[in-house]
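Below is one structure; the comments refer to it alone.
Below, each value reflects all heavy atoms present in this structure, side chains not excepted, and no hydrogens, waters or symmetry copies.
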Amino acid sequence: MRGWSPDRWWRRAAWEERLGLPALLLALVLPFALNAYWTDVVNIFLLYLTAAIGLDLMVGQAGVYNFGQAAFYGMGAYTAAILSTRLGIPILWTVPAAVAVAAGLAALVTWPAIHLRGDYLLIVTVGIGEIFRIAVVNNPFGLTGGANGIPGVPQPQVLGHVLSTPAGYYWVALAGCILAVLFWRRVVDSPLGRTWRMVREDEEAATAMGVNPGRAKLLAVAAGAGVAGLAGALFAGKLTIVAPDSFTFWESTVLFAIVILGGPGSLPGLVVGAVGMEILPEFFRDFAQYRMVVFGAAMVAMMIFRPQGIWPARPWRFRGQAAEPEAERPAAAGPGEGAGRRERGAAGGELLSVEGVGKAFGGVVAVDGVSFRLRRGEILGLIGPNGAGKTTLFNLITGFNRPDRGSIRLEGRPVEGLPAYRVAALGVSRTFQTIRLFPGLTVLENVLAGRHRFEEQRFWQVLLRPGRTRALEARQVALARRLLAEMGLERWEGELARNLPYGDQRRLEIARALAAEPVLLVLDEPAAGLNEQESAELMEELQRIRAAGITLILIEHDMSVVMNVSDRVVCLDQGRMIAEGTPAVVQADPRVIEAYLGAPEAELSGGESA
């Protein structure tokens with residue numbers, strides 16, 4: 001294995017990363033070139049940038065819109081202030097506690113509402129910010145000092161020297177900011193970061209890959225709040241007083257604006273946004289009364305003309321070893337086969353049992369007492385006219401809906417009522433009637449999303465990234481690339497999924513499902529929108545998937561596809577199963593013909609014509 005070298009890093013690094021070294025050199029000489037006033041401005045800039053980096057983990061990565069970041073910032077500040085003034089702990093020693101308290105309390109107060117989406121969750125975070133401010137003003141124990149706050153917070157000390165000047169404090173603020181940047185970089189460039197982005201792009205598709213969206217979002221909130229807690233602790237040491245007025249809705253708005261204006265998910269964008277919100281206004285202090293007007297106009301203009309921010313995030317690139325050496329690659333046995341492969345039972349044994357399953361939505365019965373069994377290695381076609389209940393039955397099998405009655409067993413284990421991410425973890429993978437990729441993720445990331453259940457995502461593994469974790473990640477990438485090659489998509493590897501032609505998007509969705517190495521693959525109208533040649537290629541691909549030992553259930557309106565690839569066919573009509581058998585038997589069944597074409601004229605006329 002080749003080791004790291006400056007030359008290799010320089011050749012592979014994005015140009016934003018190459019800017020990092022000059023930026024660090026500039027940061028090192030900055031306090032020697034500025035007077036005390038401007039050094040103090042830069043100190044505030046660094047604190048806000050640190051808190052905004054934490055907010056970006058929620059907004060830019062996980063899509064959790066948070067308008068209460070100042071509350072988590074304040075939790076860190078108050079923790080540090082209380083520990084240093086009440087217990088005499090040096091302010092820098094309180095930082096771990098501030099991070100832990102902010103992360104823990106953020107997870108605790110957000111947990112009841114984490115299932116909310118979009119605007120609803122944003123409004124809840126506004127409430128969290130106000131509750132925090134009111135709580136520190138009115139707490140009955142005097143712990144937070146009420147409206148007057150906590151004065152007398154000691155300034156940071158390093159090797160016995162009190163850092164009381166702006167230039168002295170600068171090194172503390174810079175160290176905190178660099179720590180936040182390294183944390184952001186490590187998390188974002190990991191399977192955990194990819195999981196957050198999956199949830200941000202499409203929660204249901206992420207669930208189908210085995211992701212628990214609530215847990216993923218809560219972890220993002222805790223991580224982002226922890227970084228805000230770090231900034232808060234350093235803020236307490238700078239101002240030497242902590243008061244409720246420092247953590248208002250306005251402060252949350254500024255942090256949110258830094259992320260949105262700069263570019264969610266973009267580290268250079270965060271720097272640009274923080275410069276715009278904290279440095280530029282200092283040049284226009286004579287026009288301070290117009291600040292809100294300019295700020296509002298800038299926000300409106302950005303939302304209209306550049307919603308992705310001033311410096312948008314770039315597509316993710318794998319930064320580890322490019323691929324496994326050829327000799328270490330597993331033998332290519334077929335689609336979806338690789339490391340972490342599940343042992344599949346003998347062909348012909350029962351894999352899935354559906355018994356008397358029913359589901360109603362209000363007064364509409366979507367599925368009514370459907371029963372069938374699926375053998376290993378079989379392709380089962382599921383047909384029926386529009387509204388027959390096919391997709392609802394799929395949702396019941398894959399855990400997206402809970403059946404009202406009946407049982408569903410996978411490999412003898414009851415799965416009815418399990419959440420979709422747990423069903424996916426048991427080896428059931430699916431596609432959707434309407435393509436549901438992760439449009440803002442690259443093609444390679446989309447396939448890696450299917451590998452979610454084989455990845456290591458514990459937080460200590462993300463931060464420390466031991467050799468075993470790096471090797472596993474490289475192996476996952478190699479397997480994903482091999483799958484892309486098998487599906488003819490390798491040329492799109494670094495392209496965003498939303499930029500692919502329609503047919504390739506269909507193939508990519510199947511590739512993502514195969515990456516999960518399923519025991520049961522559930523395809524919902526995979527031929528929809530494909531031309532004749534693409535449908536023929538799809539049929540060949542389905543046969544290859546079956547040859548690899550994967551069992552399939554297939555919803556399809558293209559009868560040529562269903563009849564050519566299916567071993568058995570089940571037909572539904574108005575939620576009920578009306579026929580089951582080989583394609584030829586079902587195709588000739590009068591009930592099936594009636595369901596598709598309507599009742600024979602003789603029956604409609606009461607048999608008068610017979």
Surrounding [atom1] of [X] (heavy atoms of other residues, nucleotides or ligands, distance under 6.0 Å), is the total greater than 12?
X: Gln574; atom1: CD; answer: no
X: Arg405; atom1: CZ; answer: yes
X: Arg186; atom1: CZ; answer: yes
X: Phe67; atom1: CZ; answer: yes
X: Arg465; atom1: CZ; answer: yes

Closest contact, heavy atoms only, [X] versus [Y]:
X: Val109; Y: Pro112; result: O-CD, 3.5 Å
X: Ile383; Y: Lys390; result: C-CD, 3.5 Å
X: Ala480; Y: Leu444; result: CB-CD1, 3.7 Å
X: Ala516; Y: Ser429; result: CB-OG, 4.0 Å
X: Pro526; Y: Leu554; result: CG-CD1, 3.4 Å

Inset, instruction - Using modelled atom types only, decide if a donor and an acceptor are shared between the side chain of Glu525 and the backbone of Ile555 within a distance under 3.5 Å. - result: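 No, the answer is negative, given that no donor and acceptor are paired below the 3.5 Å cut-off.
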Inset, instruction - Could you tell me whether a side-chain N or O of Arg512 sits under 3.5 Å from a main-chain N or O of Val447, the two making a donor and an acceptor? - result: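 No, the answer is negative, given that no donor and acceptor are paired below the 3.5 Å cut-off.
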Legend entry - Criterion side-chain contact (heavy atoms from CB on, under 4.5 Å) against Leu552, the qualifying member of Val565, Leu521, Leu380: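 Exactly one option meets the side-chain contact (heavy atoms from CB on, under 4.5 Å) with Leu552, and it is Leu521.
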Legend entry - Residue of the set Val569, Val562, Ile578 for which side-chain contact (heavy atoms from CB on, under 4.5 Å) holds with Val586: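 Exactly one option meets the side-chain contact (heavy atoms from CB on, under 4.5 Å) with Val586, and it is Val569.
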Inset, instruction - Scan residues 492-521 for pairs that pass ring-ring contact (aromatic ring centres under 6.0 Å, His included), counting only residues two or more places apart or in two chains. - result: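 Those involving residues 492-521 do not exist here.
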Inset, instruction - Scan residues 392-420 for pairs that pass ring-ring contact (aromatic ring centres under 6.0 Å, His included), counting only residues two or more places apart or in two chains. - result: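 Pairs touching residues 392-420 that pass the test: Phe400-Phe432.
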Inset, instruction - Applying side-chain hydrogen bond (donor to acceptor under 3.5 Å, both in side chains) between Arg194 and each of Glu455, Glu445, His452, report the one that passes. - result: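 Exactly one option meets the side-chain hydrogen bond (donor to acceptor under 3.5 Å, both in side chains) with Arg194, and it is Glu455.
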Legend entry - Side-chain donor-acceptor contact under 3.5 Å, Arg376 with Thr551: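 On atom types as modelled, these side chains do not qualify, holding no pair under 3.5 Å.
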Inset, instruction - For side chain to side chain donor-acceptor pair (under 3.5 Å), just list the numbers for Asn395 and Arg402, CA-CA rounded to whole Å, side-chain angles, deciding distance to a tenth of an Å, and then say yes or no. - result: CA-CA 8 Å; Asn395 289 339; Arg402 180 188 293 268; over 6 Å; no
Inset, instruction - Rounded to the nearest 0.5 Å, what's the gap from CG on Leu479 to CG on Leu514? Could you check? - result: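 Reported to 0.5 Å precision, the distance equals 12.5 Å.
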Inset, instruction - Please identify each residue that fulfils side chain to side chain donor-acceptor pair (under 3.5 Å) with Glu556, with sequence neighbours left out. - result: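 With sequence neighbours excluded, Glu556 shows a side chain to side chain donor-acceptor pair (under 3.5 Å) to no residue whatsoever.
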